[in-house]
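See below for the structure under consideration.
In each ligand, atom 1 is the first atom listed, and ligand 1 is the first ligand listed. Reckoned from all heavy atoms, side chains included, excluding hydrogens, waters and symmetry mates. One is the number of the first residue; the rest follow in order along the sequence. Please read all numbers here as calculations on a predicted model, not as lab measurements.
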Amino acid sequence: MNKQTAPVLELKKVTRKFKQGSQMLEILKGVDLVLRPGEIMALVGPSGSGKSTLLQIAGLLDKPSGGEVLLDGQKCGKAGDALRTVLRRDFVGFVYQYHNLLPDFNALENVMLPMLIAGANAKAAAERAEFLLSRLKMDKRLKHRPSEMSGGEQQRVAIARALANQPKLLLADEPTGNLDPKTSETVFNALLGIVRETGLAALIATHNFELAERMDRRVSLEEGRLVELGSLRSEASGGGESFY
Ligand code: ADP
Ligand code: MG
């Protein structure tokens, strides 16, 4: 396939089994997914359906039991740990439900860190971190540590950190799941704005009906397989309610 038109992320017949005592639990039973450059996709499904498992596999943090994961057209299944680490660092940004910021570093430093680890010089890293944080309206909080910020502010720093190394793929696991509705709206707007502006592809797990509706596509994990959903608007009766 032509590299320029390759999907950012492709999953082919991905399975994932976990051993539970003497039993094998099959959580993913053959997941197929194609995410193209610039596409923003909502991943929904009941709690325990395997959304986090799928995101971890897509981000090379976990290996599938079967099937293939391709990033930018490149097969990752047989890649060794060193190559997987490099691919993950250069290609993927992660946002979690809980921010996972380092408590002893301020906002600016938390965003700089992935760039420094990737070999950027400190001045360039600081400039980019400041740019991202001001784009997320966090320019007044550069020197604040996580404990000195609200939940929404911490999550905006986490988004900036995920984008630090200019990934092509953003994976977010219920990024607003821990926030009150108003803050959730602000953080989601910031996330969507910067993703659209940057033109990267995103796969975002969410329980929020309204947020899913505002993405380009919606897929649901049902019984270990992905089902593409149309618009949810006809089923929606108001704002912000959950699927389940
Ligand atoms: P979701 O994010 O949709 O709530 P998860 O992907 O976290 O779902 O979990 C899906 C199922 O897989 C759950 O039943 C969970 O208990 C199981 N599971 C996830 N990770 C492991 C693991 N490392 N070992 C055993 N079971 C696991
Ligand atoms: Mg989860």
For [atom], what is the closest protein heavy atom, and at what distance to 0.1 Å?
atom                    : answer
atom 24 (N) of ligand 1 : Phe18 CD2, 3.4 Å
atom 5 (P) of ligand 1  : Thr53 OG1, 3.7 Å
atom 13 (C) of ligand 1 : Gly48 O, 4.0 Å
atom 8 (O) of ligand 1  : Gly50 N, 3.2 Å
atom 7 (O) of ligand 1  : Ser52 CB, 3.7 Å

So, [X] and [Y], do they make that salt bridge, N to O below 4.0 Å?
X      : Y      : value
Lys123 : Glu127 : yes
Glu26  : Arg16  : no
Lys51  : Asp173 : no
Lys13  : Glu68  : no

Open item on the list: Below 2.8 Å, can you find an N, O or S atom of Thr53 next to the Mg ion (ligand 2)?
Closed with: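 Short answer: no, not a single N, O or S atom is under the cut-off.
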TODO: Return a yes/no value for Lys51: is any of its N or O atoms, backbone included, closer than 3.5 angstrom to an N or O of ligand 1?
DONE: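 It does: an N or O of Lys51 is found under 3.5 Å from an N or O of ligand 1.
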Open item on the list: Keeping Asn165 on the side-chain end and Pro114 on the backbone end, is there a donor-acceptor pair under 3.5 Å?
Closed with: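 Here the side-chain-to-backbone pair exists.
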Open item on the list: My question is simple, although I want it checked carefully: is atom 16 (O) of ligand 1 less than 4.0 angstrom from any protein heavy atom?
Closed with: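 False for atom 16 (O) of ligand 1.
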Task: Option from Glu153, Arg156, Gln154 for which side-chain contact (heavy atoms from CB on, under 4.5 Å) with Val187 holds - done: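 Running side-chain contact (heavy atoms from CB on, under 4.5 Å) over Glu153, Arg156, Gln154 with Val187 returns exactly one hit, Arg156.
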Task: Joint cluster assignment, Val44 & Val195, ILVMFWY side-chain distance < 4.5 Å - done: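 No, Val44 does not connect to Val195 through the hydrophobic network.
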Open item on the list: Which of the numbered atoms in ligand 1 are under 4.0 angstrom from any heavy atom belonging to Pro46?
Closed with: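 In order of number, 3 (O).
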